[in-house]
Amino acid sequence: MKFLLPLVMLTVCAASPQDLSGKMFTFPQQTNTARVKLITSRQDFSAVTVCLRSITDLYRDHSLFSLSTPSSDNDFLIFWYNAAADMKVFIRSNEVVFGGVDYKLNAWHSVCSTWDSASGQVQLWFDGKPSVRKFMSSGANIRGPPIIILGQEQDSHGGGFVLTQSFVGMMSDVYMWDYVLSPCEIHNYMDDVQFTPGNVLNWRALEFQIVDRVLVEDKQMTCH
């Protein structure tokens, strides 16, 4: 007799905003399903700042932050492109490349990216160091119901995940603002001192949904 074992995909929802201070999301294996969906009611952005911390040993391309809307699967995407050792930021599916990023494996990194539709300027901050500012496009907001995903890169609105673009490692301290954070505020975030929490996504009051094998664990600290 043959037994058919159904594929079960575990989904865990945070019923109300959770304070994840001192916590991290652990993505322990390469899959095209495991992800965290971050929930916001906001649907119109004339400017964006996203900050997060991550650690990985991946020696390939992978997504760090993926925001899609029905009109654009890469409305705001932070993506490591391993072949050229570049960090890419996509806005409205347009790409800006930032080189010279010292993206070491098995080390925690702090990443922030800012964009302003009025000026069209995009900037990357990596471990406290700002990149040059680059022009993307101006005058068009990010509009529509967003789907925000950690752990996978969206090639369609809420889907189209590719195994070889998935994230394996840990992430923490994910914030999003609907304005360009000042350099002093970004430095405060990077240094993990007092800063204004995100008004779109706030790690200290985060609504999220976990799909498949992603763990919420205590953040690992270095003991001396």
Side-chain angles (χ1 to χ4, degrees), residues 10-14 17-40 48-68 74 76-82 87-90 101-114 124-128 146-154 158 161-177 181 186 189-192 195 197-198 200-222:
L10 179 64
T11 301
V12 178
C13 299
Q18 291 191 17
D19 185 351
L20 295 183
S21 300
K23 301 291 186 180
M24 63 185 182
F25 290 131
T26 298
F27 303 83
Q29 66 181 134
Q30 176 175 277
T31 78
N32 64 349
T33 57
R35 61 194 183 274
V36 180
K37 180 180 179 181
L38 307 181
I39 299 167
T40 179
V48 169
T49 301
V50 169
C51 292
L52 59 87
R53 305 187 211 281
S54 67
I55 181 173
T56 185
D57 67 350
L58 288 174
Y59 194 69
R60 60 159 171 77
D61 300 353
H62 54 273
S63 172
L64 293 176
F65 183 93
S66 174
L67 184 155
S68 76
N74 292 328
F76 195 97
L77 170 67
I78 303 174
F79 189 86
W80 174 250
Y81 182 55
N82 195 71
M87 195 71 77
K88 295 185 176 184
V89 178
F90 291 77
V101 177
D102 189 17
Y103 194 52
K104 292 184 174 69
L105 303 184
N106 292 308
W108 280 99
H109 295 292
S110 297
V111 181
C112 292
S113 182
T114 66
L124 181 78
W125 291 72
F126 189 83
D127 289 344
I147 294 179
I148 302 173
I149 298 292
L150 304 178
Q152 303 289 339
E153 193 272 317
Q154 302 174 73
F161 307 131
V162 177
L163 184 77
T164 54
Q165 294 179 337
S166 65
F167 177 82
V168 180
M170 288 92 86
M171 283 192 188
S172 187
D173 301 331
V174 182
Y175 293 88
M176 179 175 173
W177 297 259
L181 222 57
I186 290 177
Y189 170 84
M190 296 278 177
D191 295 338
D192 200 16
F195 60 91
V200 179
L201 299 174
N202 180 1
W203 189 253
R204 302 170 202 167
L206 195 67
E207 287 189 73
F208 61 92
Q209 179 186 70
I210 290 176
V211 179
D212 212 349
R213 186 171 284 116
V214 182
L215 307 174
V216 178
E217 299 184 297
D218 291 335
K219 191 172 181 181
Q220 293 177 316
M221 308 300 291
T222 302

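For clarity, every value in this text was computed on a predicted model and none was experimentally measured.
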Looking at Y189, is R53 sitting on its ring face, NZ or CZ under 6.0 Å from the six-membered ring centre and within 45 degrees of the normal?
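Yes; both conditions hold, so R53 lies above the ring face of Y189.
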List the atom of [X], the atom of [Y], and the distance in Å for their closest heavy-atom pair.
X    : Y    : result
M170 : M24  : CG-SD, 3.6 Å
S166 : H62  : O-CB, 3.4 Å
V111 : L64  : CG2-CD1, 4.5 Å
S54  : Y103 : OG-OH, 4.2 Å
S63  : F167 : O-CB, 3.6 Å
C51  : T49  : SG-CG2, 4.2 Å

Does the [X] side chain pair with the main chain of [Y], one donor and one acceptor, at a distance under 3.5 Å?
X    : Y    : result
H109 : F126 : no
D173 : L52  : no
S66  : Q154 : yes
W80  : K88  : no
R60  : T164 : yes
S172 : K23  : yes

Hey, does [Y] have a side-chain heavy atom less than 4.5 Å from the side chain of [X]?
X    : Y    : answer
F195 : Y175 : yes
F79  : Q165 : yes
T56  : F27  : no
P17  : L206 : no
M176 : F76  : no
V50  : L67  : no
E153 : D61  : no
L150 : V174 : yes

From [X] atom [atom1] to [Y] atom [atom2], the distance as rounded to the nearest 0.5 Å:
X    : Y    : atom1 : atom2 : value
N82  : L58  : CG    : CG    : 9.0 Å
Q209 : L38  : CD    : CG    : 10.5 Å
I39  : I147 : CD1   : CD1   : 10.5 Å
L181 : T114 : CG    : OG1   : 8.5 Å
E207 : Q18  : CD    : CD    : 10.0 Å
D102 : D127 : CG    : CG    : 8.0 Å

Identified side chain to side chain contact (heavy atoms under 4.5 Å, CB included) counterpart of Q152 within the set T31, V162, T33
T31
Would you check if the distance from the ring center of W203 to the ring center of F208 is below 6.0 Å?
no
Does atom NZ (K37) have a neighbourhood of more than 12 heavy atoms from anything else shown, all under 6.0 Å?
no
